[in-house]
Q: 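Below you will find the structure I want to go over with you.
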Number of protein chains: 2
Amino acid sequence: MVTTRNTRADVIEAAGRLFAERGYHGTSMRDLGKELGLLGSSLYSHVDSKQDLLAEVVAEGAALFDASARAALAVEGDAATRLHALIAGHVAVVVDNIDVARTFLNEARVLDPGHRGPIVAARDRYEEAFRTVLREGRSDGSLSADIDPKIASIFILSILNAVERWYRTDGDLDRDQLVAQLSRFAVAALN
Amino acid sequence: MVTTRNTRADVIEAAGRLFAERGYHGTSMRDLGKELGLLGSSLYSHVDSKQDLLAEVVAEGAALFDASARAALAVEGDAATRLHALIAGHVAVVVDNIDVARTFLNEARVLDPGHRGPIVAARDRYEEAFRTVLREGRSDGSLSADIDPKIASIFILSILNAVERWYRTDGDLDRDQLVAQLSRFAVAALN
DNA sequence: CCTACCGATCGGTAGG
DNA sequence: CCTACCGATCGGTAGG
């Protein structure tokens, strides 16, 4: 059995895992060290502070959701097609990066003011992508509800953001079925 | 200015406020004491432990949501009417008891195993109320979607549970308008 | 990455 | 509700 030294990336990954499971304040640097097989104090050769670690994980989450939204907005077709892409992209981010996604969604509020700004901006951009698609849907007729796009996007994002709270990859609902159900529900609500 | 001694109820209320704002692990007994104008150690004449305090707040939240669901299920009329009552009741609990609701929704996971059981049960009962109404809606035709009631109730609850995260009583959307939008969205999704 | 620490803060208690 | 504590744990540092 080969035991290698941990990299900075290992540390950040383990931090995401613990922050997602126990929360930032519920995780100590000694807990994190134990997770990696070293002492809490040894972590400081990889990172400057505990906040630094949170900032890294949350920034990673922001980047993933942002990339997903950019890709979805670039999809050709009607607005309903792009809404489907936004939904599928969100589920992909959550399922493939569960710890990062959970930390981004639940622990960003614990960021100190210096780190919070860009994250709030990213979140706003993400929500704006949904609003854009809903507005387009009203124009092209593919999502013709008379509901306010701002409110509707909050509702749809509420459903998507909650996926991490209940969805289990080992349950009976597979990932494509989840996306289909989400998409059907959203499109039905907007017609 | 008359300064009166704090009651146990005062302590629990302040705890709900801080747990909602900063989380359980982000709140120290000294923080809570400061909020009430006394020392952290003085709180122990009102409660046995910090966990005890969390358990009280969360139990209060569970009772409020439970009462709301019981009342909504007893409403006469078709299932769509009862779904509207469930939604209005949920919004009422959240708006009128914001700190208790937030603590119930976000901090229950921090409860120690001994206190967690009844809360998980209450949450299941609450979700079951939604499933019941959605099933009834399929029978009486007032909510005739072909979507699985289990999934649909998770989606609707996701939207409702997120209200606490974005809704502000001092914004342009008043409480009745919020309920109307929620109800319209949910009913549209289920038709 | 460890040894050996630091001062600060934590939840909680004894006794009034 | 305060005084006066307790042992444990916290984030973090110096030096190797």
Side-chain angles (χ1 to χ4, degrees), chain A residues 1-59 103 107-116, chain B residues 1-59 103 107-116:
Chain A
M1 170 180 157
V2 187
T3 307
T4 317
R5 277 185 153 233
N6 289 292
T7 64
R8 180 181 160 90
D10 293 333
V11 175
I12 294 169
E13 193 204 316
R17 202 158 53 236
L18 296 194
F19 291 163
E21 274 168 21
R22 313 174 190 178
Y24 179 76
H25 287 308
T27 304
S28 74
M29 292 300 271
R30 284 163 178 84
D31 288 339
L32 179 53
K34 206 169 293 170
E35 183 83 4
L36 291 160
L38 43 80
L39 295 177
S41 58
S42 300
L43 296 167
Y44 291 91
S45 58
H46 292 108
V47 290
D48 287 341
S49 69
K50 191 185 171 188
Q51 261 289 323
D52 197 49
L53 220 33
L54 176 63
E56 291 265 10
V57 178
V58 172
T103 300
E107 302 300 320
R109 64 172 183 163
V110 181
L111 282 173
D112 60 35
H115 288 116
R116 201 156 43 218
Chain B
M1 173 180 154
V2 189
T3 309
T4 317
R5 278 184 150 231
N6 289 292
T7 63
R8 181 182 160 90
D10 293 333
V11 175
I12 294 169
E13 193 205 314
R17 201 157 54 236
L18 296 195
F19 291 163
E21 275 167 21
R22 314 175 190 177
Y24 179 77
H25 288 308
T27 303
S28 74
M29 291 301 270
R30 283 163 180 82
D31 289 339
L32 180 53
K34 206 169 291 168
E35 182 83 4
L36 291 160
L38 43 80
L39 296 177
S41 58
S42 301
L43 295 167
Y44 291 91
S45 57
H46 291 108
V47 291
D48 286 341
S49 69
K50 191 185 173 189
Q51 262 289 324
D52 197 47
L53 221 31
L54 176 64
E56 292 264 9
V57 178
V58 172
T103 301
E107 302 299 322
R109 64 173 182 164
V110 181
L111 282 173
D112 60 35
H115 288 118
R116 200 156 43 219

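Just so it is clear: chains get the letters A, B, ... in the order the sequence lines come, proteins before strands, and each one is counted from 1.
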Q: With the side chain of B/H46 defined as its heavy atoms from C-beta on, choose the nearest nucleotide among D/dC1, D/dG12, C/dG11.
A: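 The answer is D/dC1.
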Q: Between atom NZ in A/K34 and atom C1' in D/dT9, what is the gap in whole Å?
A: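 Result: 11 Å.
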Q: Taking A/Q51's backbone N and O only, do any of them form a donor-acceptor pair with A/Y24's side chain (distance below 3.5 Å, no angle check)?
A: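 Confirmed, A/Y24 side chain pairs with A/Q51 backbone.
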Q: Examine distances only and state if a side-chain atom of A/D112 and a backbone atom of A/H115 form a donor-acceptor pair shorter than 3.5 Å.
A: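 Checking the backbone N and O of A/H115 against the side chain of A/D112, a donor-acceptor pair under 3.5 Å is found.
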Q: Taking for each residue the nucleotide of DNA chain D with the nearest heavy atom, is it B/R30 or B/N6 whose nucleotide lies nearer the 5' end?
A: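 Its nearest nucleotide being more 5', the pick is B/N6.
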Q: Does any N or O in the side chain of A/N6 come within less than 3.5 Å of the main-chain N or O of A/L36, such that one atom is a donor and the other an acceptor?
A: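 Side chain of A/N6 to backbone of A/L36: a pair is present.
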Q: Is it true that a side-chain atom of B/R30 and a backbone atom of B/G40 form a donor plus acceptor pair closer than 3.5 Å?
A: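 Here the side-chain-to-backbone pair does not exist.
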Q: Rounded to the nearest Å, what distance is computed from the CG atom of residue B/L18 to the P atom of nucleotide C/dC10?
A: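 Atom CG in B/L18 sits about 12 Å away from atom P in C/dC10.
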Q: Can you check the A/L43 CG to D/dC10 C1' distance for me, whole Å?
A: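 It works out to 14 Å between those atoms.
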Q: 5'-most contact on DNA chain D: A/K50 or B/L36, nearest heavy atom basis?
A: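 Its nucleotide being nearer the 5' end, the pick is B/L36.
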Q: Which whole-number value in Å describes the distance from A/F19 CZ to D/dG11 P?
A: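 It works out to 9 Å between those atoms.
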Q: Counting the atoms with a prime plus P, OP1 and OP2 as sugar-phosphate, which does A/L38 contact under 4.0 Å by heavy atoms, base, sugar-phosphate, or nothing?
A: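 Touches sugar-phosphate only.
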Q: Whole angstrom is fine here: how far is it from CG in A/D52 over to P in D/dT13?
A: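 Roughly 11 Å, once rounded to whole Å.
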Q: Return no unless some side-chain N or O of B/S42 is found under 4.0 Å from OP1 or OP2 of D/dC2.
A: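 For D/dC2, OP1/OP2 do have a side-chain N/O of B/S42 under 4.0 Å.
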Q: Find the distance A/D31:CG to D/dC10:P and express it as a whole number of Å.
A: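 So the CG-P distance, A/D31 to D/dC10, works out to 6 Å.
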Q: Any heavy-atom pair between the side chains of A/L43 and A/L53 that's under 4.5 Å?
A: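 Answer no - side chains too far apart.
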Q: Only pairs with both distances under 3.5 Å count, Watson-Crick or wobble alike; so what is the partner of C/dG16 in this structure?
A: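 With both distances under 3.5 Å, C/dG16 matches D/dC1.
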Q: With sugar-phosphate meaning primed atoms plus P, OP1 and OP2, does A/H25 contact a base, only sugar-phosphate, or nothing at under 4.0 Å between heavy atoms?
A: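 Result for A/H25 = nothing.
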Q: When we call it a touch if two heavy atoms are under 4.0 Å apart, what does B/S41 touch: a base, just sugar-phosphate, or nothing?
A: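 B/S41: base contact, heavy atoms under 4.0 Å.
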Q: Return the pairing partner of D/dC6 with a 3.5 Å limit on both distances, Watson-Crick or G-U wobble; otherwise return none.
A: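 Pair assignment: D/dC6 / C/dG11.
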Q: Please check the phosphate of D/dC10 (OP1 and OP2 only) for any side-chain N or O of A/S28 closer than 4.0 Å.
A: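 For D/dC10, OP1/OP2 do have a side-chain N/O of A/S28 under 4.0 Å.
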Q: Can you tell me the distance, in whole Å, between the CG atom of A/D48 and the P atom of D/dT13?
A: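 Value for this atom pair: 8 Å.
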Q: Strictly below 4.0 Å: does A/Y44 bring a side-chain N or O up to OP1 or OP2 of D/dT13?
A: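 So the side chain of A/Y44 is outside the cut-off, no N or O lying under 4.0 Å from OP1 or OP2 of D/dT13.
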